[in-house]
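Protein chains get the first letters and strands the later ones, always in sequence-line order, with residue 1 at the start of each.
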Amino acid sequence: MSGPRQAIVGARLLDPASGLDAVGALLIEDGRIADFGPRLFADGVPSGIEVHDAAGLALAPGLIDMHAFLGEPGREHKETLVTAGEAAAAGGVTTIVATPNTDPVIDDVALVEFVQRRADETCPVRVRQMAALTRGLKGQEMTEIGLLRAAGAIAFTDGDRAVAEARLMRRVLAYASAFDATLVQVPEEPSLARDGVMNEGEMSMRLGLSGIPAMAETIMVERDLRLVELTGGRLHFSHVSTAAAVAALGAARARGLRVSAGAAPHSFALNETAIGEYRTYCKVNPPLRAEADRLALVAGIADGTIDVISSGHRPQDQESKRLPFAQASFGIIGLQTMLPLALELHHNGSVPLLRLLACMTSRPAELLGLDAGRLLVGRPADLVLIDLDRPWIISEREFRSKTKNSPFDGRPVQGRVIRTLVGGQIAYDRKRDG
Amino acid sequence: MTVVPASHFQHRHLLGIEGLSPPEITLLLDHAEACVEQNRRVDKKQSLLRGLTQINLFFEDSTRTRTSFELAGKRLGADVINMSVSTSAVKKGETLIDTAMTLNAMRPDVLVVRHGASGAVQLLAQKVDCAVINAGDGAHEHPTQALLDALTIRRRLGRLGGLVVAICGDILHSRVARSNICLLNAMGAQVRLIAPPTLIPSFVERLGVEVHHDMRSGLKDADIVMMLRLQLERMQGAFVPSTREYFHFYGLDYDKLSVAKPDALIMHPGPMNRGIEIDSEVADDIHRSVIREQVEMGVAVRMAVLEILTGRLRNDRGGE
């Protein structure tokens with residue numbers, strides 16, 4: 001099958017992996033990148049090629065979101081592969097890595113295949129499924145990591161919770177290394193975090209809410225770093241939120257450990273004061289932390305200690321948020337706001353643009369071994385056109401997700417997705433969006 | 001004493017002490033003072049709140065606070081209805097907000113709300129049109145308790161400023177402690193907290209209080225000793241090893257009290273666990289224990305709060 005040939009011309013080509021940042025053109029053929037560069041079509045585009053003028057826009061690899069809850073199966077009232085995919089496309093995300101904490105839990109080969117097939121059929125962007133690390137996320141027995149990997153599970157995680165037992169975590173890390181499987185852990189020591197609903201600090205004390213101490217994260221990060229050292233395994237911390245965890249990761253890198261880490265946009269865009277008078281839309285896990293932690297995350301992104309920015313997308317319906325703070329569910333939706341919130345760090349001069357984009361493109365692709373996240377001839381044409389400087393206001397009305405649990409409604413941001421292509425096909429187009 | 005006119009109280013609800021200015025606190029206390037006299041007459045009934053409806057909505061069991069609010073409302077002439085939610089719709093899955101909206105549709109003028117979750121009363125207040133009084137939300141605030149404590153102290157010692165107040169016991173889970181700290185700080189008293197480290201919330205020193213883990217250092221030269229109730233289920237190993245050990249180190253008896261000022265007052269928000277946080281003899285000391293007086297002041301303070309919060313409604317009603 002031979003698709004139409006399309007040329008995107010006059011765009012600012014951004015390829016974080018190679019450091020390319022130049023105005024040029026890109027040719028798509030059969031859904032793949034056929035050629036690109038500053039000199040391509042310098043003398044005009046030959047006839048027979050559909051031309052898209054992208055003057056003034058940036059053209060970057062489509063974003064990869066390494067950690068999102070997509071609702072299927074079992075939580076279709078909160079999100080579906082279709083609604084999540086539409087939100088992703090509108091946010092410039094072309095690959096979503098789905099968490100396995102669905103109902104049923106994705107801990108079985110048949111379930112991985114089922115979700116993967118449904119996603120391929122219904123979702124407008126690519127979905128890669130993670131499988132559970134332990135059966136039923138119970139933290140007791142490991143899943144069939146080898147078979148699940150062979151069935152297409154891209155990584156292994158227990159979703160929102162960490163594997164509490166050190167002995168099991170040691171074994172899983174050791175076992176998974178034989179299959180070169182990536183393990184993903186939310187670093188939170190469960191007994192220290194138990195009953196906690198927000199960051200432990202002056203704010204939680206004043207509000208009379210139980211705190212989740214920063215130490216709950218530090219202890220789990222430190223423990224897991226030791227286990228990685230012991231087993232030679234490979235581990236990715238899906239979301240870190242504290243200055244102490246960033247420091248521990250920096251030291252581990254210096255020792256040469258195979259560890260990586262992500263941060264969520266809300267963790268570096270907000271601090272705990274956003275909770276104000278019990279705003280449940282700011283209830284999230286890991287919790288919004290102190291300002292010093294937020295600044296450490298920004299510095300960690302700038303210096304590469306934090307590899308990845310991932311949305312931590314967690315849809316929750318009104319009923320689970322319109323409750324007293326302690327009773328409300330954790331979670332913020334993030335697929336659609338990840339890019340503009342991350343771009344704040346570029347616009348305010350904290351993180352160079354290519355470094356920032358690498359966190360959402362080439363780095364996650366490297367960590368997961370994905371054929372995406374780069375401008376490379378022969379790669380699928382998963383691309384995003386961005387008007388980098390365009391100011392706009394995030395509005396709940398534009399959210400494509402089934403639920404609207406975002407604290408960012410009304411936030412002025414800069415940088416808007418104009419078009420998203422998945423395999424050369426338009427998955428989102430701002431003009432059509434109106 | 002400069003009396004501040006009631007119209008200077010700018011809040012629609014009373015959700016906490018935090019956010020009240022010292023003149024506003026003084027205003028409430030002054031009004032309460034007048035109510036004390038009223039309550040000591042044979043004919044206690046007034047008609048200030050005649051025609052107004054007060055609903056006491058209690059999501060947590062309470063006898064004394066609810067009764068106190070009920071009496072306060074009735075003495076001012078309001079129609080008072082008690083709703084205990086353990087017997088109502090919440091058990092059937094109705095949410096707090098649904099309950100609030102339903103009650104709101106019945107057009108009450110005042111809602112008095114107690115709830116086990118911090119912030120629940122604020123949440124409810126956002127959804128209703130009437131005045132809301134926080135009768136205790138989780139571990140957050142219990143503003144009328146702090147006001148009645150302040151009134152008790154002020155009547156006995158004539159002032160709040162400059163006094164040394166020691167609050168002892170389960171500070172961590174206590175809304176009474178939080179409200180009292182706010183109020184006493186605002187009025188210029190010096191607050192000390194005394195408890196084992198496991199019952200002191202992290203970062204509490206940011207409130208401008210002194211933290212003591214030893215009764216003798218904490219009670220030294222104190223003017224007021226405020227004991228808090230310790231929930232029995234928290235005494236069995238989770239926060240402290242045993243009731244025996246707790247009473248030994250943190251229970252108030254004459255021996256520990258001897259380092260406080262000789263005329264130091266003893267307070268307790270009730271209900272007391274005699275022999276656990278307070279020795280019976282100390283609790284019943286007619287010269288120093290003001291525990292029963294606190295209960296009396298409770299009604300007066302709640303009348304004052306009702307009176308001031310409904311002031312605007314009564315003005316709207318037009319010169320009755």
Nearest 0.5 Å, please: how far is [atom2] in [Y] from [atom1] in [X]?
{"X": "B/F203", "Y": "A/M203", "atom1": "CZ", "atom2": "CE", "result": "13.0 Å"}
{"X": "B/S118", "Y": "A/L209", "atom1": "OG", "atom2": "CG", "result": "5.0 Å"}
{"X": "B/K127", "Y": "A/R322", "atom1": "NZ", "atom2": "CZ", "result": "5.0 Å"}

Q | Heavy-atom proximity to chain B below 4.5 Å, by part of A/Q327 | A | side chain
(Q) Centroid separation under 6.0 Å, is that true for the rings of A/F325 and B/H140? (A) no
Q. Closest heavy-atom contact between A/L323 and B/L123?
A. C-CD2, 3.4 Å
**Q.** Verdict with reasoning, B/L207 to A/R206, per side-chain contact (heavy atoms from CB on, under 4.5 Å)
**A.** CA-CA 8 Å; B/L207 296 179; A/R206 283 181 183 274; 3.5 Å; yes
(Q) At a 4.5 Å cut-off on heavy atoms, which part of B/H115 comes close to chain A: side chain, backbone, both, or neither? (A) side chain
Q | Segment of B/E18 engaging chain A (4.5 angstrom heavy-atom cut-off) | A |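 Contact with chain A: side chain only.
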Q. Counting distance only, does the side-chain N/O of B/R178 pair as donor-acceptor with the main-chain N or O of A/M205 below 3.5 Å?
A.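 Looks like yes, one N/O pair under 3.5 Å.
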